[in-house]
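One structure is given here, and the rest of the page talks about it.
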Protein chains: 2
Amino acid sequence: MGRVSDAKERLLEAAKGLIWEQSYGAVTVDAICRRAKVQKGSFYHFFDDKSELAVASLEADWQARQPVLAEIFSRNHPPLDRLQNFFEHVYQCQKKLQKECGYVLGCPLFNLGSEVCTRDEKIRKKVLALVKGYIRYFESAIRDAQEEGSVAGDNAGLKARWLFSYFEGALTQARIENDASSLRSLGAVALHLLDAKLAMAA
Amino acid sequence: MGRVSDAKERLLEAAKGLIWEQSYGAVTVDAICRRAKVQKGSFYHFFDDKSELAVASLEADWQARQPVLAEIFSRNHPPLDRLQNFFEHVYQCQKKLQKECGYVLGCPLFNLGSEVCTRDEKIRKKVLALVKGYIRYFESAIRDAQEEGSVAGDNAGLKARWLFSYFEGALTQARIENDASSLRSLGAVALHLLDAKLAMAA
DNA sequence: ATCATTGTTGACCACTTGGACAAGAAACTA
DNA sequence: TAGTTTCTTGTCCAAGTGGTCAACAATGAT
């Protein structure tokens with residue numbers, strides 16, 4: 001088996017944190033190693049370069065979030081509740097970030113994706129794959145809502161994309177403003193956008 | 001008067017283009033100078049550093065866009081038409097970018113803003129100021145629409161922010177996907193989001 | 001115990017980076 | 001014409017960059 005170590009996990013965690021707090025381009029390999037308490041030699045033992053680490057860190061983060069997402073979007077909950085709970089969850093996360101690290105950081109996927117998409121095809125592809133994952137959660141909730149009649153129409157795929165765009169736009173704006181308060185109404189606006197029967201109730 | 005030159009304008013233009021196509025962090029002072037065909041010494045004659053150039057370039061770009069924006073959002077046009085025309089204009093711009101440079105570039109303000117907002121307060125402030133400019137255009141159109149009865153409610157400020165979030169989210173997603181086609185329905189979704197009386201007509 | 005595997009260390013390198021600078025060139029002014 | 005201001009040029013530098021490497025250390029297998 002050889003020597004064991006959690007250096008790889010520490011690198012993934014450090015990269016995720018630094019890139020989210022700053023940006024992909026602003027974070028150097030040295031800085032990642034410093035935060036992970038790992039020598040640069042070890043870095044290159046585990047990863048070819050920063051780009052590969054970023055992709056791995058996106059995947060690790062996605063995997064780590066699965067339990068929470070699966071619970072929130074579980075079919076045990078009424079479809080519109082799933083969305084409301086998801087948005088509330090995001091709002092709480094961003095508020096917590098603001099309190100703990102001083103910044104509303106927005107969405108790590110979109111931050112990174114929009115930064116490097118014209119220059120790093122691998123990261124771009126990975127971001128797109130994970131974005132699709134989120135949209136599928138949205139879509140299934142919307143479809144179920146449409147089937148039970150709490151949302152109009154039968155275009156769940158389209159509406160999921162609209163909603164996701166609004167969601168990401170709001171997150172990015174919150175990041176730039178460094179103010180999470182506008183995210184409180186994410187769920188209410190979502191109902192509006194979806195043409196929900198109980199619109200503006202929440 | 002001393003020696004005259006358009007090097008400053010060339011630098012502004014080069015910076016705008018490079019940062020938009022790539023990202024703030026990926027663009028070096030050398031690269032900007034190369035594209036602008038200006039020596040580095042001249043760069044530092046006009047600007048203190050890259051950050052200051054970026055701010056100046058945002059401002060120059062905003063000024064240059066004013067005539068078009070003023071016309072689109074002129075009170076001569078019916079309020080909902082203003083929004084429809086604006087979104088159509090953006091769609092055409094992004095399609096043109098895709099054709100001419102190979103990439104859908106999204107919004108220069110949000111791209112830059114979300115990248116540097118935690119590390120460069122001056123750029124962040126400038127981005128916020130210009131964002132506010134766009135939202136004010138939205139708000140005035142929405143308010144006029146509400147007054148003439150084509151949009152429900154009296155919360156123009158709020159709705160302008162919702163719409164802007166959706167708009168920016170869609171732009172960023174188009175950038176990451178490198179596909180402008182989803183921006184075609186910007187206007188239609190906007191009517192939906194605003195609770196417009198003639199929703200989905202366009 | 002020895003051995004292959006796997007992870008660690010820190011020195012090392014070529015290259016790029018932002019930025020300073022002094023000398024010169026172009027324009028306008030007196 | 002001489003002088004002043006503004007812009008240009010090319011060189012130079014210290015610091016930081018991504019990335020390599022060979023020697024070393026821990027682990028489990030035989």
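The sequence lines fix the lettering, A, B, ..., with proteins before strands; numbering per chain opens at 1. Below, each value reflects all heavy atoms present in this structure, side chains not excepted, and no hydrogens, waters or symmetry copies.
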Check: B:F87 ring centroid to B:F138 ring centroid under 6.0 Å:
yes
I need the [atom1]-[atom2] distance between [X] and [N], as an integer number of Å.
| X | N | atom1 | atom2 | answer |
| --- | --- | --- | --- | --- |
| B:R3 | C:dA26 | CZ | C1' | 5 Å |
| A:K37 | C:dT9 | NZ | C1' | 17 Å |
| A:E9 | C:dT6 | CD | P | 16 Å |
| A:D49 | D:dG19 | CG | P | 6 Å |
| A:K8 | C:dT8 | NZ | P | 12 Å |
| B:R34 | C:dG18 | CZ | C1' | 14 Å |
| B:Y24 | C:dG18 | OH | P | 10 Å |
| B:L53 | C:dG18 | CG | P | 12 Å |

My understanding is that only one of B:Q146, B:E147, B:E139 makes a side-chain hydrogen bond (donor to acceptor under 3.5 Å, both in side chains) with B:R143; could you say which?
B:E139
Closest listed nucleotide, where the reference is the side chain of [X] and the choices are [options]:
| X | options | answer |
| --- | --- | --- |
| B:H45 | C:dT8, D:dT17, D:dC7 | D:dC7 |
| B:V29 | C:dG18, D:dG18, D:dT8 | C:dG18 |
| B:D30 | C:dG18, C:dT8, D:dC7 | C:dG18 |
| A:Y44 | D:dC7, C:dA27, D:dG19 | D:dG19 |
| B:Q39 | D:dG10, C:dT17, D:dG18 | D:dG10 |

Indicate yes or no for a side-chain donor-acceptor contact from A:S165 to the backbone of A:R161 under 3.5 Å, with no hydrogens or angles considered.
yes
Checking A:F73, A:F167, A:W62, A:F110 against A:Y134 for ring pair (Phe, Tyr, Trp, His ring centres under 6.0 Å), the one that qualifies is A:W62
Heavy atoms under 4.0 Å, any strand shown: does [X] hit a base, just sugar-phosphate, or nothing?
| X | answer |
| --- | --- |
| B:T28 | sugar-phosphate |
| B:K40 | base |
| B:S5 | sugar-phosphate |
| B:F46 | sugar-phosphate |

Between B:Q63 and B:E59, is a side-chain hydrogen bond (donor to acceptor under 3.5 Å, both in side chains) present by the stated rule, with each step listed?
CA-CA 6 Å; B:Q63 291 303 335; B:E59 173 63 24; 2.6 Å; yes
Reading DNA chain C from 5' onward, which residue's closest nucleotide shows up sooner: B:G2 or A:V4?
A:V4
